[in-house]
Amino acid sequence: MTEQNKDWKAEQERVELVIHKMNERMHELKDQLGDVKVDVVDIRKKFWDDVTVNFDNAEEAAETFASIKQQAELLSERERRHRHSMNELRNLHKLEKSPYFGRVDFLENGEEETERVYIGTSSFVDKNGVDFYVYDWRAPISSLYYDYGPGAAQYETPSGLIDGTMKGKKQYIIRNGELLHMFNTGITIGDEMLQTVLGAQADSQMKNIVATIQKEQNQIIRNEKGKLLIVQGVAGSGKTSAALQRVAYLLYRYRDTLLAENIVLFSPNSMFNSYVSSVLPELGEENMQQTTFQEYLEHRLGDAFTIEDPFSQMEFVLTKSKDKSYKVGIAGIQLKSSLLFMQVIDEYLSLLKQDGIIFRGLKFKGQVLFSSARIKEYFYSLDQNLPIPNRMSLTSDWLLKGLRTFELQQRKEEWVEREMELLDKEAYLKAYHKLQKNNQNNDEFYDFDREQQILAAIIVKKRLKKIRRYIENLQFVDVKATYIQLFRKAEYVKRYSDHLPNEWVDICLSTAENIEQNHLRYEDATPLLYLKGRLEGLQVNTSIRHVFIDEAQDYSPFQFAFIKSLFPRAKMTVLGDLNQSIYAHSSVNSFEALRYLFQEDEMEQYQLTRSYRSTYQIVEFTKDIIGANIDPFNRQGEKPTIQSAEDENDLHSKIGKRIKTLQANGHETIAIICKTAEETENVYEHLEESLPLRMITKQSTGYESGVLVIPSYLSKGVEFDAVIIYDASNRKYHEESERNLFYTACTRAMHSLDLFYKGELSRFLEYVPKETYRNEN
């Protein structure tokens with residue numbers, strides 16, 4: 001037997017040994033879980049039987065509380081043990097088929113024996129807690145696997161650096177307990193492992209990448225220095241994957257103080273949320289909170305306004321370039337997305353301290369309780385040195401006090417007597433019980449007048465309940481009118497008049513007209529919400545410790561500043577690719593805007609230039625669309641194809657034939673990417689009879705394998721086995737502002753990319769070398 005065969009045999013035997021030990025441990029855990037569950041049920045059943053309840057005096061009460069506390073702690077300990085065993089059993093089930101994926105042989109300085117460290121998705125240690133069969137990939141020693149090759153190496157622990165020598169590093173692919181591949185490798189995760197993983201078909205959900213994390217990704221995952229971590233990475237560089245592994249690492253590293261609910265991820269759309277939802281559970285962690293910025297806006301303002309979403313804004317940008325309103329619309333989007341506009345609002349707020357806030361008056365049954373002028377007079381009578389939200393709170397207290405006086409007066413009014421006659425039995429019963437409770441010492445005498453007073457109080461209180469809530473929620477502040485006023489009176493923007501766009505007057509007219517109809521454009525939502533927060537008090541969330549923002553190039557500087565103010569205790573991780581900036585509001589470099597929001601020493605920045613998603617041929621083709629410096633991973637495939645069509649029928653026929661060929665070649669997720677939602681709908685209607693299709697819209701929450709028709713801007717952040725660009729003509733993709741959108745659509749392809757067009761080919765392909773694609777014409 002050769003040395004290589006002996007080594008293979010020994011490794012297979014170890015795999016079998018570890019799986020055997022896991023099975024033993026799982027049997028033990030199942031037995032323990034049964035016993036603990038019985039204990040928990042028994043303690044719950046007999047909880048009060050084992051507690052001596054006596055409140056006769058202070059000493060007996062103290063003893064009773066001590067007894068209750070003791071039983072509660074016992075129950076809590078058993079439940080904690082049950083949860084711990086359940087988590088361990090769940091992790092062992094995950095490890096059982098593939099217990100580990102890597103090994104490092106490390107000789108620590110000062111030691112004589114080299115330690116073999118096997119690394120998997122979670123730890124497996126013997127029941128005594130001494131011998132580690134598998135180390136969790138997030139453990140400090142596991143960083144050796146990602147950061148070093150043979151030679152001098154070190155890893156950081158909470159107690160300091162551990163120095164030594166890496167004697168060797170191996171990678172394994174183990175499936176169902178069988179060792180399929182074993183590679184010796186150097187500093188990077190070997191090409192063989194990556195080729196195997198990246199060559200697989202796309203899935204409807206993202207998978208974890210812990211076996212193939214690269215050194216630069218590992219640095220991102222384990223970075224704990226800065227308050228702001230910026231990751232700029234090319235398409236397919238693993239930004240999102242690294243971010244999700246970073247969440248898993250933080251939950252492991254700070255498991256005693258950090259929970260999944262203390263982390264929030266802002267993602268580009270609901271479909272993306274579904275796409276990444278399985279990664280953390282695969283690693284034995286709960287999913288963090290996931291939302292989109294649009295969902296947050298809807299939550300805060302959706303009751304008062306119809307809010308445009310970013311996709312509708314994108315449709316306007318892509319389809320209305322010939323309209324008269326287009327130039328004004330773009331200028332408005334870019335202004336209201338900037339930090340300059342935040343400064344305009346801050347200046348407006350400083351003026352509102354002296355005068356200008358618009359209030360709503362309060363009425364009851366046609367009677368004015370507090371006129372808007374009276375509320376305004378009281379508000380501006382308060383100390384102007386106090387912050388506006390503090391003065392709003394004092395005004396609310398004053399209104400509630402006045403409402404209480406009015407409530408007492410109304411109890412004697414005729415309308416109350418009329419309503420009293422219509423009361424049901426339940427109201428009378430409620431009054432009777434209240435009267436009996438207050439009249440315990442005189443059972444024979446029933447006070448009819450007092451009953452009438454109680455009923456009157458109930459009636460008036462109920463009728464004024466809505467006004468009371470209105471005051472408590474500060475709805476007497478007319479935020480909508482106060483925001484519109486900014487666009488109506490030139491004195492409020494006088495200081496910044498030289499910095500405003502030429503279209504400012506038209507922007508003002510358009511903004512006021514829309515908001516008066518309760519229609520809030522996407523670019524207005526954040527500024528209005530910011531103004532509302534500065535008037536009423538920002539609704540901050542101090543429980544969130546980490547904020548992750550994916551596709552960050554699509555956020556405006558104003559949005560970044562607003563998000564930072566929402567989570568004052570949180571560290572931020574932002575990930576994006578400037579080459580995929582597709583929105584009008586992101587024409588300014590939003591990453592640069594972040595530098596104004598954080599101190600220089602608070603920021604850490606990483607640049608990822610290597611693309612792993614697509615084949616070498618696809619990356620070589622797409623990178624010249626934008627002239628980017630991208631390093632393709634050497635996974636070979638077919639060159640992209642470009643094919644013309646005579647007309648729409650010919651185009652649909654050729655796309656149908658290509659899809660059948662792709663499916664025959666084993667591609668499971670195929671995306672026909674259209675430019676707009678209108679084009680997507682048109683393609684779906686023409687092809688659905690001949691092909692099983694699914695149309696993706698902004699309402700879609702996920703996708704399955706098969707053939708999808710999808711607008712270009714909704715394809716961001718996800719990947720497909722094969723991509724067909726429906727119409728890559730110059731008529732469709734011509735404006736320079738659309739170049740990044742075209743590039744983004746092309747880079748969704750993992751294994752195959754085909755571009756069809758009618759008429760003239762897009763000018764964006766003019767400088768793409770002809771040797772990087774096949775012309776099928």
Side-chain angles (χ1 to χ4, degrees), residues 14 99-125 129-172 182-191 193-194 208-227 229-231 233 237-238 241-243 245-258 283 571 573 601-610:
R14 187 185 191 278
Y100 43 85
F101 53 79
R103 181 186 112 192
V104 294
D105 300 342
F106 184 68
L107 178 62
E108 186 180 334
N109 289 348
E111 298 291 330
E112 295 181 0
E113 192 173 332
T114 299
E115 183 180 4
R116 286 186 173 183
V117 178
Y118 288 83
I119 300 162
T121 55
S122 58
S123 295
F124 174 49
V125 62
V130 177
D131 295 324
F132 272 82
Y133 293 107
V134 184
Y135 281 86
D136 191 296
W137 67 276
R138 297 164 290 185
I141 197 170
S142 300
S143 65
L144 293 168
Y145 173 75
Y146 301 110
D147 290 344
Y148 294 97
Q154 61 180 201
Y155 65 95
E156 193 169 349
T157 71
S159 56
L161 281 174
I162 305 293
D163 293 291
T165 304
M166 177 93 79
K167 295 292 187 180
K169 182 159 79 170
K170 287 182 183 290
Q171 295 167 260
Y172 308 99
M182 180 171 66
F183 316 112
N184 288 306
T185 188
I187 187 168
T188 59
I189 305 305
D191 280 0
M193 175 78 91
L194 274 170
N208 77 72
I209 61 163
V210 294
T212 56
I213 291 170
Q214 303 296 290
K215 182 178 181 180
E216 66 273 17
Q217 292 170 332
N218 190 49
Q219 291 171 349
I220 292 165
I221 290 165
R222 295 174 189 260
N223 185 292
E224 299 176 43
K225 297 174 186 174
K227 192 161 186 184
L229 181 65
I230 299 175
V231 181
S237 57
S241 294
Q245 319 305 314
R246 175 168 167 76
V247 172
Y249 171 76
L250 291 168
L251 290 171
Y252 174 88
R253 172 77 172 81
Y254 298 101
R255 52 193 175 277
D256 294 331
T257 57
L258 186 69
L283 297 171
K571 291 185 175 183
T573 301
D601 59 356
E602 291 180 323
M603 294 187 292
E604 295 278 315
Q605 189 160 345
Y606 292 90
Q607 192 88 26
L608 300 177
T609 59
R610 196 173 201 201

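Residues: numbered from 1 along the sequence shown.
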query = Does R246 use its side chain to pair, donor to acceptor, with the backbone of S241 at less than 3.5 Å?
reply = no
task = Apply side chain to side chain contact (heavy atoms under 4.5 Å, CB included) to the pair L250 and L258, showing each step before the final yes or no.
result = CA-CA 8 Å; L250 291 168; L258 186 69; 3.9 Å; yes
Intermediate values then yes/no, side chain to side chain contact (heavy atoms under 4.5 Å, CB included), L608 and I220 = CA-CA 10 Å; L608 300 177; I220 292 165; 3.9 Å; yes
note = OG1 of T609 to OH of Y606, rounded to nearest 0.5 Å, is 15.0 Å
key: Contact check, side chains of I221 and I213, non-hydrogen atoms, under 4.5 Å   = yes
message = Is any side-chain heavy atom of R103 closer than 4.5 Å to one of V117?
response = no
ask   = Are any of the side-chain heavy atoms of R253 and R138 separated by less than 4.5 Å?
value = no
ask   = Atom CG of D136 and atom OG1 of T121: how far apart are they, to the nearest 0.5 Å?
value = 7.5 Å
query = Taking only residues at least two apart or on different chains, which pairs with a member in residues 149-164 satisfy salt bridge (Lys or Arg N to Asp or Glu O under 4.0 Å)?
reply = none
message = Would you say the ring centers of F132 and Y135 fall short of 6.0 Å from each other?
response = yes
ask   = Roughly how far, to the nearest 0.5 Å, is the CE atom of M166 from the CG atom of D147?
value = 8.5 Å
T165 backbone acceptor or donor facing Q154 side chain under 3.5 Å = no
inquiry  = Whether the side chain of R255 engages the backbone of Y252 through a donor-acceptor N/O pair (distance < 3.5 Å, no angle test) should be reported.
reply    = yes
request  = Determine whether Q245 and N218 make a side-chain contact, defined as any pair of heavy atoms from C-beta on separated by less than 4.5 Å.
outcome  = no
request  = Mark yes or no: R14 above the aromatic ring of Y118, with NZ or CZ under 6.0 Å from the six-membered ring centre and no more than 45 degrees from the axis.
outcome  = yes
query = Hey, what do you get for CD (E604) to OG1 (T573), rounding to the nearest 0.5 Å?
reply = 11.0 Å
ask   = Does some side-chain heavy atom of Y146 sit less than 4.5 Å from a side-chain heavy atom of Q214?
value = no
message = With rounding to the nearest 0.5 angstrom, report the NZ to CG distance, K169 to N184.
response = 11.0 Å
Within-4.5 Å side-chain heavy-atom neighbours: K167 and P150 = no
task = Check whether the ring centres of Y145 and F101 lie less than 6.0 Å apart, and answer yes or no.
result = yes
message = Looking at E108, is its backbone amide N or carbonyl O close enough to the side chain of E111 to form a donor-acceptor pair, meaning the two atoms are under 3.5 Å apart?
response = no
request  = Report yes if some heavy atom in the side chain of Y100 is under 4.5 Å from a heavy atom in the side chain of V134; otherwise report no.
outcome  = yes
task = Could you please spell out the steps behind the side chain to side chain contact (heavy atoms under 4.5 Å, CB included) verdict for E115 and D105?
result = CA-CA 6 Å; E115 183 180 4; D105 300 342; over 6 Å; no
Separation of E602 CD from K571 NZ (nearest 0.5 Å) = 10.5 Å
ask   = What's the verdict on side chain to side chain contact (heavy atoms under 4.5 Å, CB included) for Q219 and S143, showing C-alpha distance, side-chain angles and the deciding distance?
value = CA-CA 9 Å; Q219 291 171 349; S143 65; over 6 Å; no
query = Under 4.5 Å between any side-chain heavy atoms of S159 and T157, yes or no?
reply = yes
ask   = Aromatic rings Y133 and F124: how do their planes relate, parallel, tilted or perpendicular, breaks at 30° and 60°?
value = parallel
